[in-house]
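This report concerns only the one structure given below.
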Amino acid sequence: MGFSNMSYLNPTTVTLIGIPGLEHVQFWIGFPFFGVCVLALMGNIFLLIIIPVERKLHQPMYIFLAVLAVTDLGLCLAIAPKMLAIFWFDSFSMAFDACLTQLFFIHALQGMESGILLAMAFDRYVAICNPLRHTSILTPFVLVKMVVVVAIRATVLVGILPILLKRLRLFHSVVIVHSYCEHMAVVKLAAEDVHVNKSYGLFVAFAILGFDMMFVFISYILIFQAVFHLPQKEARLKAVNTCTAHVVVFLEFYILAFFSFFSHRFGHVSPYVHILLSTIYLLVPPALNPIVYGVKTKEIRKRVTQIFILKPEPRSDLTYSMP
């Protein structure tokens, strides 16, 4: 039977098979992923509750952290419902347009997360290398502009991906070997020339992830140069401690991102390994980010303790503000 007999013209639906090779245990794999999603949802919702009400957290770093929490919530909601439906209810079918919509939101939110990590690195650079001008440089207006630019960049660059996919008409298969609609997984279904799709996908990856990672790296080189020139050991330790949480979040995001990206395009990794790792890359950082910042931030720890263990204490802000 030739390929022409197996072709699909303008398909209206696609089939997501989940994790190839592990179909017999997908039902059980869904439970740890569900646990990670619940942890991510609870942790990020707590951040969005705590940061607005805690005055000491009304600083650029924590405002960016709140935006990061919103993107993490979006990622979980974009991926988890359909993925768990596949694992638990054998809901494999998905409308092609819905697939492209999911693809857009997943990759756009990834791009936004990367941009926010860059903004947080810039905040740490200004706070340590130019502390006297920190508040005058990172004004509320500047923070809003930075977030808007990050959102527009991700939306515009990623928005072209589904448009390029939509122009393709002939597909040799409608079975996506993945648990969610990922760009390259959809591109590989096409029975037409997809050089433009692949090239533009690479461009987006390097224009967002590559650009951001390079400048985060440069920021930390400058930060550590400034830190090691501080005269007192205590000052050096305090400066490094303020960056620890961001460094951990940065490493977990970019290491998993680039391993997933390059293994899918250039590696010879088993499909189930790649799909598991790419899903972990998207779901684990949203669960870990609130934990990392919660452990490192006294005010967040205190608020969470009050919510789960103690009764809320009377606010003492007025006491501190009295002469």
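For clarity, every value in this text was computed on a predicted model and none was experimentally measured.
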Applying ring-ring contact (aromatic ring centres under 6.0 Å, His included), name anything that partners [X], two or more places apart in sequence or on another chain.
| X | answer |
| --- | --- |
| F96 | F171 |
| F92 | none |
| F104 | none |
| Y272 | none |

Original post:
Between R133 and V126, is a side chain to side chain contact (heavy atoms under 4.5 Å, CB included) present by the stated rule, with each step listed?
Top reply: CA-CA 8 Å; R133 298 187 59 204; V126 176; 5.7 Å; no
Are [X] and [Y] close enough that some pair of their side-chain heavy atoms sits under 4.5 Å apart?
| X | Y | result |
| --- | --- | --- |
| I17 | V177 | yes |
| V147 | F64 | yes |
| I176 | M94 | no |
| R167 | N197 | yes |
| L103 | L165 | yes |
| L41 | L73 | yes |
| L118 | F211 | yes |
| Y62 | E54 | no |

For [X] and [Y], indicate whether the former's side chain and the latter's backbone hold a donor-acceptor pair under 3.5 Å.
| X | Y | answer |
| --- | --- | --- |
| H107 | E182 | no |
| Q102 | A78 | yes |
| N289 | P285 | yes |
| E23 | G21 | yes |
| Q26 | I19 | yes |
| T71 | L68 | yes |

Subject >> Partner set under side-chain contact (heavy atoms from CB on, under 4.5 Å) for E192, not counting sequence neighbours >> reply: L168, R169, L170
Subject >> Residue pairs passing the disulfide bond (SG atoms under 2.5 Å apart) test where at least one lies in residues 40-72, sequence neighbours excluded >> reply: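 Qualifying pairs: none.
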Subject >> Pairs satisfying disulfide bond (SG atoms under 2.5 Å apart), at least one member in residues 19-130, at least two apart >> reply: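 For residues 19-130, and leaving out neighbouring residues, the disulfide bond (SG atoms under 2.5 Å apart) pairs sorted by first residue read C99-C181.
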If you count heavy atoms of other groups shown closer than 6.0 angstrom to [atom1] of [X], is the number above 12?
| X | atom1 | value |
| --- | --- | --- |
| R301 | CZ | yes |
| W28 | CH2 | no |
| F33 | CZ | yes |

**OP:** Taking salt bridge (charged side-chain N to carboxylate O under 4.0 Å, His left out) as the test, write out the residues that go with D212, two or more places apart.
**Re:**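 For D212 the salt bridge (charged side-chain N to carboxylate O under 4.0 Å, His left out) partners, ignoring immediate neighbours, are R153.
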Original post:
With D97, which residues qualify under salt bridge (charged side-chain N to carboxylate O under 4.0 Å, His left out), at least two apart?
Top reply: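 Only K166 meet the salt bridge (charged side-chain N to carboxylate O under 4.0 Å, His left out) criterion with D97.
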Identify the two heavy atoms, one from [X] and one from [Y], that lie closest to each other, and give their separation to 0.1 Å.
| X | Y | value |
| --- | --- | --- |
| I275 | S179 | CG2-OG, 3.9 Å |
| H183 | G201 | CE1-CA, 4.0 Å |
| A108 | V158 | N-CG1, 3.6 Å |
| P286 | N44 | O-ND2, 2.9 Å |

**OP:** Any chance you could measure H178, atom NE2, to K188, atom NZ, to the nearest 0.5 Å?
**Re:** 9.0 Å
Subject >> Pairs touching residues 217-227 that satisfy side-chain hydrogen bond (donor to acceptor under 3.5 Å, both in side chains), sequence neighbours left out >> reply: Y220-H246
**OP:** Quick one: which residue pairs count as a salt bridge (Lys or Arg N to Asp or Glu O under 4.0 Å) with a foot in residues 71-90, not counting sequence neighbours?
**Re:**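 Found none.
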**OP:** Check step by step if side chain to side chain contact (heavy atoms under 4.5 Å, CB included) holds for M120 and R124.
**Re:** CA-CA 6 Å; M120 294 169 86; R124 291 300 84 202; 5.8 Å; no
Per-pair distances, 0.1 Å, donor-acceptor, side chain in residues 46-53, under 3.5 Å, sequence neighbours excluded:
none

Original post:
Once the angle between the rings of F31 and F27 is folded into 0 to 90°, is it parallel (under 30°), tilted (30 to 60°) or perpendicular (over 60°)?
Top reply: perpendicular
Original post:
Does the pair L288 and V249 meet the rule for a side chain to side chain contact (heavy atoms under 4.5 Å, CB included), with working shown?
Top reply: CA-CA 8 Å; L288 287 182; V249 170; over 6 Å; no
**OP:** Could you please spell out the steps behind the side chain to side chain contact (heavy atoms under 4.5 Å, CB included) verdict for F87 and F34?
**Re:** CA-CA 11 Å; F87 292 169; F34 175 72; over 6 Å; no
Original post:
Do Y200 and F203 pass the ring-ring contact (aromatic ring centres under 6.0 Å, His included) test, and can you show the C-alpha distance, the side-chain angles, and the key distance before you say yes or no?
Top reply: CA-CA 5 Å; Y200 185 73; F203 167 74; 5.8 Å; yes
